[in-house]
Undergrad: 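Sharing a structure below in structure tokens format, with a few things to ask.
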Amino acid sequence: MRIDAVTLFPDLVSQVTQWGVTGRASEQGLLQLVCWNPRDYARDRHRTVDDRPYGGGPGMVMKVEPLRAAMHEARASAPGRSLSLYLSPQGRRLDQAAVERLAGQERLLLVCGRYEGIDERVIATEIDEEISIGDYVLSGGELPAMVLIDAVARLIPGALGHADSASEDSFSAGLLDYPHYTRPEVLDGMAVPAVLLSGDHDAIGRWRRQQALGRSWLRRPDLINRAQLSTEDRRLLDEYIDEYRS
Ligand SMILES: CN1CCN(c2ccccc2CNc2ccc(C(N)=O)cn2)CC1
């Protein structure tokens, strides 16, 4: 998958291709990330990329021309249509469903805002979707872009080795994960749940599903309401709730 990022800090965004799952995906050619710096398209002597806001007020706004020139170069640099995304607090909240949809695109063009943001006319004419990674304020769109790249890259076929794909499978889509344990078997007097040592893989699977359901019910009831629970799920969750309330 080809992802282009328009950013004043290309060295920050490209770090995502240096480490871990996304690093390997990049090495294997599954993920191709190219960064474009608007400052390289600023034609004045001082390579200006920001300007003062109409209407006054604090801060600066990213200039249209360098941004648009960088976007056009990025689009023209490879075949296929790019879906252009702007990472901003005003965007639609990113969730796994949106990540799965974006992973299906042939190309993504991510625009990372700095300063107070970009000229609204660029959003109106050049951006397909505005996306937020959550309701909090960051200094720029680069970290949200890296979050999105990571989430999307994990879904590229072959990106997750067996070890990771196992964890991906076990994460019952749309619910919280079950608790994980490794050696030692007893830590400061706290023992690993016996079922996990039993070798009974059906019981272990049921226990993990029950934990995922129960933790979702406790911490994220909104996920439970949205989830399609089987009758077995319902039984496991009711058993968990009875235990919790006893
Ligand atoms: C003080 N404000 C300056 C302007 N800024 C801004 C405005 C527009 C675009 C990018 C940014 C960069 N910041 C981001 C970006 C994304 C998120 C998110 N939640 O996805 C949070 N923050 C917001 C903060």
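Order of listing sets the numbers, starting from 1, for every ligand and every atom in it. Note that this is a predicted model, so its numbers are computed, not measured.
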Undergrad: Among all protein heavy atoms, pick the one closest to atom 2 (N) of ligand 1 and tell me residue, atom and distance.
TA: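 That would be Val137 CG1, 4.1 Å.
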Undergrad: If you count the non-hydrogen atoms of other residues, nucleotides and ligands that lie under 6.0 Å from CD in Glu185, is the total more than 12?
TA: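 Atom CD in Glu185 is not packed in, count stays at 12 or less.
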Undergrad: Among protein heavy atoms, which lies nearest atom 8 (C) of ligand 1, and at what distance?
TA: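 Of every protein heavy atom, Tyr86 OH, 3.3 Å lies nearest to atom 8 (C) of ligand 1.
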Undergrad: Tell me which protein heavy atom sits closest to atom 22 (N) of ligand 1, plus the residue, atom name and distance to 0.1 Å.
TA: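 Protein heavy atom with the smallest distance to atom 22 (N) of ligand 1: Leu138 N, 2.9 Å.
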Undergrad: So that I can tick it off, tell me whether Glu27 and Arg24 are bridged by a salt bridge, with the cut-off set at under 4.0 angstrom between side-chain N and carboxylate O.
TA: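 The answer is no: the pair does not qualify as a salt bridge.
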Undergrad: With heavy atoms of Glu116 as the reference, note each atom of ligand 1 found under 4.0 Å away.
TA: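 In order of number, 3 (C), 4 (C), 7 (C).
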Undergrad: Backbone or side chain, does any N or O of Ser139 fall under 3.5 Å from an N or O of ligand 1?
TA: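 So ligand 1 has no N or O lying under 3.5 Å from an N or O of Ser139.
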Undergrad: Within a distance under 4.0 Å of any heavy atom of Tyr115, pick out the atoms of ligand 1 and give their elements.
TA: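 Once the distances to Tyr115 are compared, the set is 3 (C), 4 (C).
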Undergrad: Are any of the N/O atoms in Leu87 less than 3.5 Å from those in ligand 1?
TA: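 N/O-N/O distance under 3.5 Å: no.
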Undergrad: For atom 21 (C) of ligand 1, what's the nearest protein heavy atom and its distance?
TA: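 Looking only at protein heavy atoms, the one closest to atom 21 (C) of ligand 1 is Tyr136 O, 3.3 Å.
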Undergrad: Would you say Gln90 has any N or O atom under 3.5 Å from an N or O of ligand 1, going by distance alone?
TA: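 Such a contact does not occur with ligand 1.
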Undergrad: Give the residue and atom name of whichever protein heavy atom lies nearest to atom 20 (O) of ligand 1, and the separation in Å to one decimal.
TA: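 Of every protein heavy atom, Ile133 N, 2.9 Å lies nearest to atom 20 (O) of ligand 1.
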Undergrad: Flag the pair Asp95 and Arg226 as a salt bridge only when some basic side-chain nitrogen lies within less than 4.0 angstrom of an acidic carboxylate oxygen.
TA: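 Result for this pair is no, no salt bridge flagged.
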Undergrad: Please identify which atoms of ligand 1 are closer than 4.0 Å to at least one heavy atom of Pro144.
TA: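 Listed by number with element: 16 (C), 20 (O).
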Undergrad: Is it true that Arg101 and Glu129 have a side-chain N and a carboxylate O under 4.0 angstrom from each other?
TA: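 Result for this pair is yes, salt bridge flagged.
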Undergrad: For ligand 1, is there an N or O atom under 3.5 Å from any N or O atom of Pro89?
TA: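 Between Pro89 and ligand 1, no N or O pair is found under 3.5 Å apart.
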Undergrad: Measuring from atom 11 (C) of ligand 1, which candidate in Gly59, Pro58, Gly113 has the nearest non-hydrogen atom?
TA: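 Selected option, by shortest heavy-atom distance: Gly113.
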Undergrad: Once rounded to the nearest 0.5 Å, what's the spacing between atom CG of Leu138 and atom SG of Cys112?
TA: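 Reported value, rounded in 0.5 Å steps: 11.5 Å.
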Undergrad: Which protein non-hydrogen atom lies closest to atom 19 (N) of ligand 1, naming both residue and atom, and how far is it?
TA: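 Going by distance alone, atom 19 (N) of ligand 1 is nearest to Gly134 O, 2.7 Å.
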Undergrad: I need the Leu236 CG to Thr231 OG1 distance, nearest 0.5 Å.
TA: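 The CG atom of Leu236 sits 9.5 Å away from the OG1 atom of Thr231.
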Undergrad: If I take atom CE from residue Met1 and atom CZ from residue Arg107, how far apart are they, to the nearest 0.5 angstrom?
TA: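 Those atoms lie 10.5 Å apart.
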Undergrad: Indicate the ring-plane relationship of Tyr240 and Trp217, choosing parallel, tilted or perpendicular according to the 30° and 60° boundaries.
TA: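 Correct class here is perpendicular.
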Undergrad: Between Arg114 and Glu142, is there a donor-acceptor pair closer than 3.5 Å when you use the side chain of the first and the backbone of the second?
TA: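 Side chain of Arg114 to backbone of Glu142, a donor-acceptor pair under 3.5 Å: no, none is there.
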Undergrad: State the atoms of ligand 1, each with its element, that fall below the 4.0 Å cut-off from a heavy-atom position in Gly140.
TA: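 So the answer, numbered in order with elements, is 12 (C), 13 (N), 14 (C), 15 (C).
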Undergrad: Looking at Glu243, I'd like to know if its CD atom is crowded, meaning that more than 12 non-hydrogen atoms belonging to other residues, nucleotides or ligands lie closer than 6.0 Å.
TA: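 12 or below, so no.
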Undergrad: Who gets closest to atom 16 (C) of ligand 1 by heavy atom: Ser88, Cys112, Gly91?
TA: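 Nearest heavy atom to atom 16 (C) of ligand 1 lies in Ser88.
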